[in-house]
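Atoms within each ligand, like the ligands themselves, are counted from 1 in listed order. Basis for what follows: all heavy atoms, side chains included, without hydrogens, waters or symmetry-related copies.
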Amino acid sequence: MTKAPAHRMKTTVGIIGGGPAGLLLSHLLDRAGVDSVILERQTRAYVLSRIRAGVLEQGTCDLLRAAGLGDRLDQEGLRHSGVNLAFQGKVARIDLEALTGGKVVTVYGQTKVTEDLYNARDSAGARMVHEAKDVQPHDIETEAPYLTFEHEGLAHRLDCDFIASCDGHHGIGRQMIPSSSRNEFELRYPFGWIGVLAKTPPPNEELIYASHQRGFVLCSMRSETISRYYLQAALQDTPEDWPDDRFWDELKQRLPSEVSATVIEGPSIEKSITPLRSFVSEPLSNGRMFLAGDAGHIVPPTGAKGLNLAVSDVKYLSDALIAYYRHGDETGLKSYDRLALSRVWKAARFSWHLTTLMHHFPDEGAFREKVQKAELDYLVGSKAAMTAFAENYVGLPL
Ligand code: RFL
Ligand code: PHB
């Protein structure tokens with residue numbers, strides 16, 4: 001039963017979801033004088049405890065710096081000018097910086113990005129509602145959309161000019177686009193990743209993506225003293241199937257000996273499992289509601305693109321909204337779908353390609369394995385192929 005709203009609020013842009021996409025959108029709009037309110041289902045502590053992305057593209061860092069969010073990023077972010085691919089017992093380095101005319105990636109955890117955004121929003125006195133239950137968009141195809149929700153047992157209504165659905169893959173926004181005008185493209189991979197965070201120094205200064213008969217491995221990090229590892233695992237596995245001893249043992253078996261010799265084991269401080277999938281929903285808008293970030297698309301983490309795509313969507317959307325309020329110019333709003341989807345599909349392609357290149361596909365036979373090895377050999381032996389890889393890994397232009 002719907003309760004009559006006890007509280008009515010008004011804003012310009014109503015944002016569903018206070019993850020990186022929603023927080024950054026609110027921040028960029030605020031800098032241009034456009035008001036917004038964020039409705040987040042979880043508590044702030046919960047949002048900040050999610051361990052996810054680690055790698056920021058050059059363009060993401062440039063944008064964060066330009067938005068006044070660069071101080072801690074520049075102090076604590078680890079600048080990586082190269083990345084390593086390991087297979088057949090050897091490690092090959094791809095020199096990102098040299099191959100892209102000076103672009104690099106920065107290792108800086110999503111937790112820190114989110115903390116920086118919260119701090120910026122707090123100092124600007126932003127309106128954010130945590131533990132907002134049952135958020136529902138209404139009248140999105142009219143000029144007066146609104147959101148209803150429950151908070152602390154009371155019914156609320158938020159009137160707005162536009163709605164931004166930044167509510168992640170399981171959010172409500174996408175479901176409001178009628179299925180007759182929505183196309184969903186999805187690929188589920190026959191495996192997942194088990195991730196471990198450990199208070200031990202990483203085995204290498206740079207990331208190592210390793211392909212092995214027993215499955216994929218990624219050696220990443222959060223700092224010089226905290227390592228982050230991922231292993232390809234069976235879809236049905238749970239963290240309980242991976243006690244620390246099994247994890248370290250399997251990790252070492254899959255890495256070239258020169259790398260496994262430098263792995264320092266330690267108790268895991270976080271362990272989680274995630275299935276891999278590619279997903280894009282088209283269009284990314286309907287009437288006055290726009291989807292940004294994981295709400296509209298998911299990429300497998302292999303390419304390190306998810307958070308970076310959330311940032312590029314938000315850049316296009318905030319530019320469009322700001323142009324509308326400054327000059328009454330609707331062009332950006334009308335071209336949001338085209339612009340965002342064009343970049344999304346390129347990152348979806350790269351993430352899918354790197355996933356298929358690096359993982360073991362148990363049911364696909366020896367021919368596939370031979371082709372996979374040939375492609376890896378070609379990639380690390382051809383400047384043209386490495387350049388294409390590097391261009392995508394540091395991020396295509398925004
Ligand atoms: P989020 O972070 O999921 O935030 C959505 C927010 O919306 C809230 N919400 C709702 N609020 C109100 N009402 C509702 N009905 C709601 N439904 C949901 C949620 O509580 C949440 O707070 O989406 P956003 O902001 O679009 O950000 C996307 C990124 O979080 C995601 O793409 C990345 O984490 C993906 N990712 C990586 N991306 C990178 O760019 N580089 C990486 O190295 C990288 N590594 C990763 C990753 C994701 C991983 N996992 C766990 C899937 C590694 C892993 C293991
Ligand atoms: C991470 O450090 O969490 C990470 C790094 C690179 C990826 C995915 C995840 O491709």
Side-chain angles (χ1 to χ4, degrees), residues 14-26 38-44 46-57 60 78 80 83 105-111 113-114 117-118 128-137 147-151 164-176 192-197 202 206-209 216 218-223 226-230 270-277 279 291-314 344 347 350-351 354-355 358 393 395:
I15 301 177
I16 319 173
L23 289 164
L24 181 63
L25 178 63
S26 167
I38 296 177
L39 304 180
E40 165 59 50
R41 185 167 56 185
Q42 304 287 354
T43 62
R44 178 189 288 229
Y46 181 91
V47 173
L48 285 169
S49 69
R50 289 190 296 229
I51 312 277
R52 288 185 170 177
V55 176
L56 304 184
E57 295 174 352
T60 298
L78 305 173
H80 284 200
V83 63
V105 292
T106 302
V107 172
Y108 190 68
Q110 179 165 330
T111 321
V113 175
T114 313
L117 282 163
Y118 267 130
M128 293 183 266
V129 180
H130 281 89
E131 298 179 84
K133 306 287 173 227
D134 195 22
V135 177
Q136 293 287 339
L147 292 159
T148 53
F149 61 100
E150 274 190 41
H151 185 240
S165 155
C166 300
D167 44 356
H169 187 62
H170 302 288
I172 182 72
R174 192 175 67 252
Q175 317 300 331
M176 302 306 295
W193 279 13
I194 167 106
V196 156
L197 195 67
E206 293 173 347
L207 269 62
I208 304 173
Y209 291 81
F216 168 80
L218 170 58
C219 306
S220 181
M221 65 203 71
R222 286 294 173 272
S223 70
I226 298 187
S227 45
R228 177 73 169 157
Y229 293 101
Y230 298 97
E270 194 263 358
K271 198 179 276 169
S272 53
I273 203 142
T274 182
L276 263 61
R277 81 175 82 148
F279 172 89
L291 313 186
D294 279 15
H297 40 76
I298 295 282
V299 286
T302 327
K305 295 288 167 228
L307 174 59
N308 293 293
L309 280 182
V311 169
S312 56
D313 284 357
V314 163
V344 164
F350 178 69
S351 308
L354 196 56
T355 303
M358 300 303 295
Y393 194 77

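- Of all protein heavy atoms, the one closest to atom 3 (O) of ligand 2 is Tyr230 OH, 2.6 Å.
- Taking a cut-off of under 4.0 Å to the non-hydrogen atoms of Arg52, the atoms of ligand 2 that pass are 3 (O).
- Going from atom CG of Asp134 over to atom CG of Leu39 covers 11.5 Å, rounded to the nearest 0.5 Å.
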What does the N/O contact table under 3.5 Å look like for ligand 1?
from     : atom 1 : to     : atom 2 : distance (Å)
ligand 1 : 2 (O)  : Arg52  : NH1    : 3.0
ligand 1 : 3 (O)  : Arg52  : NH1    : 3.1
ligand 1 : 11 (N) : Arg41  : N      : 3.1
ligand 1 : 17 (N) : Arg41  : NH2    : 3.4
ligand 1 : 17 (N) : Asp167 : O      : 3.4
ligand 1 : 20 (O) : Glu40  : OE2    : 2.6
ligand 1 : 22 (O) : Glu40  : OE1    : 2.7
ligand 1 : 22 (O) : Glu40  : OE2    : 3.2
ligand 1 : 22 (O) : Arg50  : NH1    : 3.4
ligand 1 : 22 (O) : Arg50  : NH2    : 2.7
ligand 1 : 25 (O) : Pro20  : N      : 3.3
ligand 1 : 25 (O) : Ala21  : N      : 2.9
ligand 1 : 26 (O) : Asp294 : N      : 2.9
ligand 1 : 30 (O) : Arg52  : NH1    : 3.0
ligand 1 : 30 (O) : Gln110 : NE2    : 2.7
ligand 1 : 32 (O) : Asp294 : OD1    : 2.7
ligand 1 : 32 (O) : Asp294 : OD2    : 3.3
ligand 1 : 32 (O) : Gly306 : O      : 3.4
ligand 1 : 32 (O) : Leu307 : N      : 3.3
ligand 1 : 34 (O) : Gln110 : OE1    : 2.7
ligand 1 : 38 (N) : Gly306 : N      : 3.2
ligand 1 : 38 (N) : Leu307 : N      : 2.9
ligand 1 : 40 (O) : Ala304 : O      : 3.2
ligand 1 : 40 (O) : Gly306 : N      : 3.2
ligand 1 : 40 (O) : Leu307 : N      : 2.7
ligand 1 : 40 (O) : Asn308 : N      : 3.1
ligand 1 : 40 (O) : Asn308 : ND2    : 3.1
ligand 1 : 41 (N) : Ala304 : O      : 3.2
ligand 1 : 43 (O) : Gly54  : N      : 3.0
ligand 1 : 43 (O) : Val55  : N      : 3.4

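- Near Thr302, with a cut-off below 4.0 Å to any heavy atom, the atoms of ligand 2 are 10 (O).
- Scanning all heavy atoms of the two residues, the minimum distance from Ile273 to Ile194 falls at CD1-CB, 4.0 Å.
- Near Gly54, with a cut-off below 4.0 Å to any heavy atom, the atoms of ligand 2 are 1 (C), 2 (O), 3 (O).
- Each of Ile172, Val135, Leu291 was scored for a side-chain contact (heavy atoms from CB on, under 4.5 Å) with Ser165, with one residue passing: Leu291.
- Ring orientation note: the planes of Phe279 and His169 are nearly perpendicular, at an angle over 60° on the 30°/60° scale.
- Of the options Arg222, Lys305, Met358, the smallest heavy-atom separation from atom 1 (C) of ligand 2 is shown by Arg222.
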### Task
Would you please test Val105 and Val83 for side-chain contact (heavy atoms from CB on, under 4.5 Å) and show each step?
CA-CA 9 Å; Val105 292; Val83 63; over 6 Å; no
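- Pro137 and Ile16 get closest at one heavy-atom pair: CG-CD1, 4.0 Å.
- If you number the atoms of ligand 2 from 1 as listed, the ones under 4.0 Å from a heavy atom of Tyr209 come out as 6 (C), 7 (C), 10 (O).
- Here CD of Gln136 is found 10.5 Å from CD of Gln175. Values are rounded to the nearest 0.5 Å.
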### Task
Apply side-chain contact (heavy atoms from CB on, under 4.5 Å) to the pair Tyr118 and Met128, showing each step before the final yes or no.
CA-CA 10 Å; Tyr118 267 130; Met128 293 183 266; 3.6 Å; yes
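- Asn308 and Glu57 get closest at one heavy-atom pair: OD1-N, 2.9 Å.
- Proximity to Pro301 (heavy-atom distance under 4.0 Å) selects the following atoms of ligand 2: 7 (C), 8 (C), 10 (O).
- Proximity to Val55 (heavy-atom distance under 4.0 Å) selects the following atoms of ligand 2: 5 (C), 6 (C).
- When only non-hydrogen protein atoms are considered, atom 2 (O) of ligand 2 lies nearest to Ser220 OG, 2.6 Å.
- Near Leu207, meaning under 4.0 Å from one of its heavy atoms, ligand 2 places the atoms 5 (C), 6 (C).
- Residues that satisfy the ring-ring contact (aromatic ring centres under 6.0 Å, His included) test with Tyr108, not counting sequence neighbours, are absent from this structure.
- Using the six-membered ring where Trp is involved, Phe350 and Tyr393 have ring planes that are perpendicular, over 60° apart on the 30 and 60° scheme.
- Under 4.0 angstrom from ligand 2, the non-hydrogen atoms of Ala304 come from both its backbone and its side chain.
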